[in-house]
Amino acid sequence: MSTTPKSLYRDEGVVLRTQKLGEADRIVTVLTRRHGKVRAVAKGVRRTKSKFGARLEPFSHVDLQFYTGRNLDIVNQAESIRAYGQPIAGDYPAYTAGTAVLETADRLTAEEKEPSLRLFLLVIGALRSLAEGTHPAGLVLDAFLLRAMSVAGWEPALNGCARCGEEGPHRHFSVPAGGVVCPPCRPTGSAMPSPATIELLDALLTGDWESAEASPGVQRREGSGLVAALLQWHLERGLRSLPLVDRSEPAASRAGAGQLREA
């Protein structure tokens, strides 16, 4: 009886997480440029001195070759493009922010093999910024979360009213409504954040880093709370990694995050 030949394809991707499989294998979850999220088996990678396995750790940007499998694809080759893990793991705020970036990308791509180029590019940009220390880790994370929600169709209203569209500025913010709201549309229980906090969120969403980095800690903390609440509302449950994010100033914590652990 003839068998159908396995199809081969190649793509670049970011490793989001790994899981043990059997004694020597791993299931690797990768967000790829052209094929969306792919879950694939990497055979033998947990054996000692496996250079193949070292390229398939979380935070790694890799060029991959896959065989299409019946249930899970199989990683046949892996070449490193950029290993962000080491510099990120050496800075605890960057590590905790990076972990939240990867979990968010995993959660926002529930359907496998659905291309999401914009999200892929956002993840690469966030990891590069965290690895190079371009901006404070907490701001990088919040900018990523705001833009990722925008890609998912959940961009928060930060200028016009989320319900009627009336131009602001508006003082009240409603998570269920999806952003700022005018007085007639304001639901019970709406928050009243500082106007400067809304300006910070808008700066992060639009890439105005000069304004974002000029913001004081109190506004960053208030803004982070709003971003986390919005994301949790849309995902219908929170991220495990988000409460663990270290939002201290970069100089305050340089402790290494230790070895990246398998999920």
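These values consider heavy atoms only, across backbone and side chains, with no hydrogens, waters or symmetry-generated copies.
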query = Hey, are R33 and E12 close enough for a salt bridge, meaning a charged N less than 4.0 Å from a carboxylate O?
reply =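 A salt bridge is present here (some side-chain N lies under 4.0 Å from a carboxylate O).
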
For [X] and [Y], which heavy atoms make the closest approach, and how far apart are they?
| X | Y | value |
| --- | --- | --- |
| T18 | R26 | CB-CD, 3.7 Å |
| A143 | L204 | CB-O, 3.7 Å |
| L244 | T96 | O-CG2, 3.5 Å |
| P58 | R17 | CG-CA, 4.4 Å |
| G179 | A162 | N-CB, 4.0 Å |
| R147 | L205 | NE-O, 3.6 Å |

Quick check on the hydrophobic clustering: are [X] and [Y] connected, directly or via other members, by side-chain heavy-atom contacts under 4.5 Å?
| X | Y | answer |
| --- | --- | --- |
| I27 | L56 | no |
| I81 | L31 | no |
| Y84 | L102 | yes |
| L72 | V15 | no |
| L121 | W209 | yes |

Out of curiosity, [X] [atom1] to [Y] [atom2], how far, rounded to the nearest 0.5 Å?
| X | Y | atom1 | atom2 | value |
| --- | --- | --- | --- | --- |
| S190 | H170 | OG | NE2 | 12.0 Å |
| T99 | D246 | OG1 | CG | 11.5 Å |
| L158 | F173 | CG | CZ | 6.5 Å |
| L201 | R220 | CG | CZ | 12.5 Å |
| R10 | E79 | CZ | CD | 7.0 Å |
| T134 | E213 | OG1 | CD | 9.0 Å |

Looking only at side-chain N and O atoms, does [Y] offer a donor or acceptor that is under 3.5 Å from a partner on [X]?
| X | Y | result |
| --- | --- | --- |
| Q219 | T197 | no |
| R55 | S60 | no |
| T68 | D73 | no |

ask   = Would you say the side-chain atoms of T206 pair up with the backbone N or O of D202, donor to acceptor, closer than 3.5 Å?
value =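 Yes.
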
inquiry  = Quick one: does any side-chain atom of K113 pair with a main-chain N or O of K37 as donor and acceptor, under 3.5 Å?
reply    =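 The answer is no, because no donor-acceptor pair under 3.5 Å joins these two groups.
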
message = Taking CH2 in W154 as the centre, count heavy atoms belonging to other residues, nucleotides or ligands within less than 6.0 Å. Is the count above 12?
response =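 Count over threshold, so yes.
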
Taking the side chain as every heavy atom from C-beta outward, state whether [X] and [Y] have any atom pair closer than 4.5 Å.
| X | Y | answer |
| --- | --- | --- |
| L127 | H61 | no |
| E114 | T109 | no |
| V41 | V75 | no |
| H172 | V180 | no |

message = Tell me whether the rings of Y9 and H35 are parallel (<30°), tilted (30 to 60°) or perpendicular (>60°).
response =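 If you compare the ring of Y9 with that of H35, the planes turn out tilted.
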
request  = Show the numbers, then the answer: is there a salt bridge (charged side-chain N to carboxylate O under 4.0 Å, His left out) between E132 and R82?
outcome  = CA-CA 12 Å; E132 297 175 354; R82 177 88 185 265; 3.6 Å; yes

request  = Might you work through the salt bridge (charged side-chain N to carboxylate O under 4.0 Å, His left out) test for D142 and R247, ending with a clear yes or no?
outcome  = CA-CA 11 Å; D142 287 337; R247 295 193 179 269; 3.2 Å; yes

